[in-house]
Number of protein chains: 2
Amino acid sequence: MNLDARHQTMVTLAKVAEAAGVGESTVSRVLRNHGSFSRKTRDRVMEAVERLGYVPNRIAGTLASAGSRLVALVIPSLTNIVFADVLRGASAILEGNQHQAVFSVTEYEPEKEEALVAAMLAWRPTAVMLAGFEHSEGTVKMLRASGCRVVELLDLDGAAQDLAVGFSNRAAGSVSADFLLRRGYRKIGYVGHDLDRDTRAAKRFASFRERLGAAGFPLVDSEIHAGASSVEGGRLALERLLARMPDLDAVYFSNDDMALGGYFHCLARGIQVPERLALFGHNGLDIGRVTPQPLSTIRTPRVATGRVAAELVVTDAPAQVVDLGFELIEGATA
Amino acid sequence: MNLDARHQTMVTLAKVAEAAGVGESTVSRVLRNHGSFSRKTRDRVMEAVERLGYVPNRIAGTLASAGSRLVALVIPSLTNIVFADVLRGASAILEGNQHQAVFSVTEYEPEKEEALVAAMLAWRPTAVMLAGFEHSEGTVKMLRASGCRVVELLDLDGAAQDLAVGFSNRAAGSVSADFLLRRGYRKIGYVGHDLDRDTRAAKRFASFRERLGAAGFPLVDSEIHAGASSVEGGRLALERLLARMPDLDAVYFSNDDMALGGYFHCLARGIQVPERLALFGHNGLDIGRVTPQPLSTIRTPRVATGRVAAELVVTDAPAQVVDLGFELIEGATA
DNA sequence: TTTGAAATTGGTAGCGCTGCCAAAATATCT
DNA sequence: AGATATTTTGGCAGCGCTACCAATTTCAAA
């Protein structure tokens with residue numbers, strides 16, 4: 001790009017100052033509504049801003065002032081509504097506080113997470129928000145060195161670097177197990193997705209399984225769909241699981257997407273839910289409330305997680321762990 | 001924040017240069033792999049970078065060099081998977097080309113879109129991507145003045161400002177009408193969501209309705225769910241529509257989410273699909289492929305839209321309109 | 001009026017980096 | 001060896017803005 005051409009066209013603060021017949025710092029103060037200035041000056045400046053169509057350059061502003069007011073969200077997936085909800089909650093708060101959310105997607109790959117965190121840190125964000133506690137050594141080192149706030153989301157079972165907001169996946173897993181046991185199910189299976197990557201789902205599963213074992217009704221069998229969680233994955237995996245273990249009486253799914261797939265399988269095959277087979281999910285997605293039978297699941301505080309995380313960041317709160325809990329939804333599938 | 005404290009801690013390019021015993025510009029060249037330098041110098045610099053844990057400051061870099069390599073995506077909603085898919089496509093390409101996606105959500109509100117575009121322009125992005133052609137006057141003016149590339153997504157029925165990528169919603173609407181007519185449906189209704197905001201859905205509906213009228217079988221009735229599109233909205237709206245018009249033989253939905261809600265309503269009420277009532281959606285979401293009966297719908301090129309848009313931007317392609325088309329999915333609900 | 005305090009303003013030195021240019025080092029050729 | 005091309009380097013002036021400070025103006029009290 002031709003720099004000179006750009007410089008001729010670009011409206012800068014200096015040009016506004018000249019047009020308004022005031023000093024640069026005055027324009028800066030007026031625009032940021034910071035410091036003092038007379039009403040008359042303000043009007044003159046605003047008139048010039050309007051007339052020239054001036055748009056402040058935050059790049060320059062940030063460089064000069066240290067605070068970028070950018071918050072980086074590094075999330076595993078956008079396909080998963082869970083993270084879209086977190087983003088929604090966070091954006092809402094950030095926008096109301098002159099901050100900007102910047103996000104990128106790791107596809108659940110730690111190496112990608114590391115690369116993205118590096119890229120984000122180059123923008124000197126106020127904070128970086130990540131899913132969960134499991135990060136590569138390099139990621140942790142960079143974050144620590146950067147000095148910016150770190151918020152780990154949607155997990156509490158582990159050691160937080162700085163701030164953490166969410167709920168305990170282990171608790172969710174055992175509550176789910178207790179519920180199924182209380183309802184009298186005894187031959188329980190599990191349908192999940194790639195657990196190496198989704199460590200939060202892995203924690204739920206581990207805890208679920210432990211609880212069943214402790215109650216004397218150990219998990220009968222499990223089927224892991226290779227790949228990311230999806231409705232289709234849930235359907236296929238349940239089909240495979242039932243082929244092996246036709247007399248299961250309940251299945252716990254790694255999340256609602258997978259559970260929905262399982263439910264569709266049952267509908268398609270005429271398997272009576274929950275009489276013949278009970279289904280239990282995790283997340284409490286809206287769609288699960290509207291299926292012919294509402295899904296039995298656990299509602300997780302997704303939007304609230306984003307919101308609270310953002311609030312902690314904008315208020316520069318001290319390091320802490322915030323447990324937002326979750327809610328059992330009895331539904332009609334278990 | 002205390003500036004001095006920060007300055008003491010921050011590793012800057014100058015410190016790396018000093019540690020490596022070379023000049024600043026040499027470090028800059030090595031890090032950007034631009035210009036020439038000896039192998040030995042490169043190693044010395046990289047060693048220092050490694051040792052000090054230096055992370056380049058892109059804020060400063062951008063200010064000095066003019067190109068931010070940021071691409072702003074201003075989308076209506078994250079709840080709607082459509083936009084998540086666009087983002088996914090765009091991110092993938094941008095990341096592979098040293099660009100960063102920055103996004104924010106308008107909630108379908110034009111005033112919010114305008115505010116967000118202003119906020120994004122402050123970061124001097126390479127391009128701004130928006131949904132559709134309908135923007136406030138202020139938004140258009142700002143974009144024009146900014147001189148950055150503009151990409152309008154998922155719509156072709158209107159006048160593009162610069163680049164446009166997507167498909168024709170009007171065409172999708174008439175193809176949908178033709179399909180239902182070809183199948184022999186004659187008493188057709190419509191279930192949609194807030195059309196003032198989702199202008200693309202409005203275009204589909206308008207075209208759908210025109211086509212039915214032209215064929216001599218005008219739309220019998222329609223029911224608009226107040227609020228954003230959702231599965232629940234579809235279910236409730238279909239229920240209301242059928243209460244008024246019990247003898248409809250087919251319903252066209254504003255999108256798959258709404259259609260899914262309608263489908264669930266039919267399942268719950270035992271309404272035979274498609275014999276008693278046919279359902280037709282729009283978007284071709286994955287979940288619609290896995291329901292007991294796959295949804296009849298139109299698959300839209302969402303990920304490709306994001307991908308192509310990003311490619312056009314990174315290659316600095318000339319202004320143009322790219323039609324990615326769509327695909328009819330016959331499914332089993334119509 | 002005088003005086004001091006308070007409110008308002010402008011000048012200017014950076015923020016950390018890149019682009020340009022000239023200088024230095026190295027390689028290649030008579 | 002000397003001269004010329006080539007590669008490699010460092011210095012430094014900005015990029016557009018904000019923080020800081022000093023200068024100026026305004027206001028109120030004495």
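Numbers restart at 1 for each chain; the letters A, B, ... are given by sequence-line order, proteins then strands. In this text, all values refer to a predicted model and were calculated from it rather than measured experimentally.
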Met142(B)/Leu121(B) under side chain to side chain contact (heavy atoms under 4.5 Å, CB included): CA gap, chis, key distance, verdict: CA-CA 8 Å; Met142(B) 272 191 296; Leu121(B) 287 177; 3.9 Å; yes
Starting at atom [atom1] of [X], determine the distance to atom [atom2] of [N], rounded to an integer number of angstrom.
X	N	atom1	atom2	value
His34(A)	dA19(D)	NE2	P	6 Å
Trp123(B)	dC17(D)	CH2	P	13 Å
Glu18(A)	dG11(C)	CD	P	12 Å
Leu31(A)	dC17(D)	CG	P	9 Å
Arg58(B)	dC15(D)	CZ	C1'	15 Å
Arg44(A)	dT9(C)	CZ	C1'	11 Å
Leu13(B)	dC12(D)	CG	C1'	14 Å
Lys15(A)	dG16(D)	NZ	P	8 Å

Consider the side chain of [X], meaning its heavy atoms from C-beta on, and name the nucleotide among [options] that approaches it most closely.
X	options	answer
Ser36(A)	dT9(C), dG16(C), dT9(D)	dT9(C)
Ser38(B)	dT8(D), dG16(C), dA7(C)	dT8(D)
Asn57(A)	dG11(D), dC17(C), dG16(D)	dG16(D)
Arg32(B)	dT9(C), dG16(C), dG19(C)	dG19(C)
Arg29(A)	dG10(C), dG16(C), dT8(D)	dG10(C)
Glu24(B)	dT18(D), dT9(C), dT18(C)	dT18(C)

No-hydrogen, no-angle side-chain donor-acceptor test under 3.5 Å, His135(A) and Gln161(A): no
Nearest-nucleotide comparison on DNA chain D, the residue closer to the 5′ end among Val55(A) and Thr41(B): Thr41(B)
DNA chain D: 5'-proximal contact among Ser25(B) and Val27(A) (nearest heavy atom): Ser25(B)
Angle of first-five versus last-five pair axes in the helix from dT1(C)-dA30(D) to dT30(C)-dA1(D), to 10 degrees: 30°
Where at least one partner belongs to residues 74-106 of chain B, residue pairs that pass ring-ring contact (aromatic ring centres under 6.0 Å, His included), sequence neighbours excluded: Phe103(A)-Phe103(B)
Salt-bridge contact Arg200(A)-Asp155(A) (side-chain N to carboxylate O under 4.0 Å): no
With Ser77(A) via side chain to side chain donor-acceptor pair (under 3.5 Å) - residues at least two apart: none
More than 12 heavy atoms of other groups within 6.0 Å of Glu134(B) CD: yes
For the student: nearest non-hydrogen atoms of Leu94(A) and Ala101(A), plus distance: CD1-CB, 3.9 Å
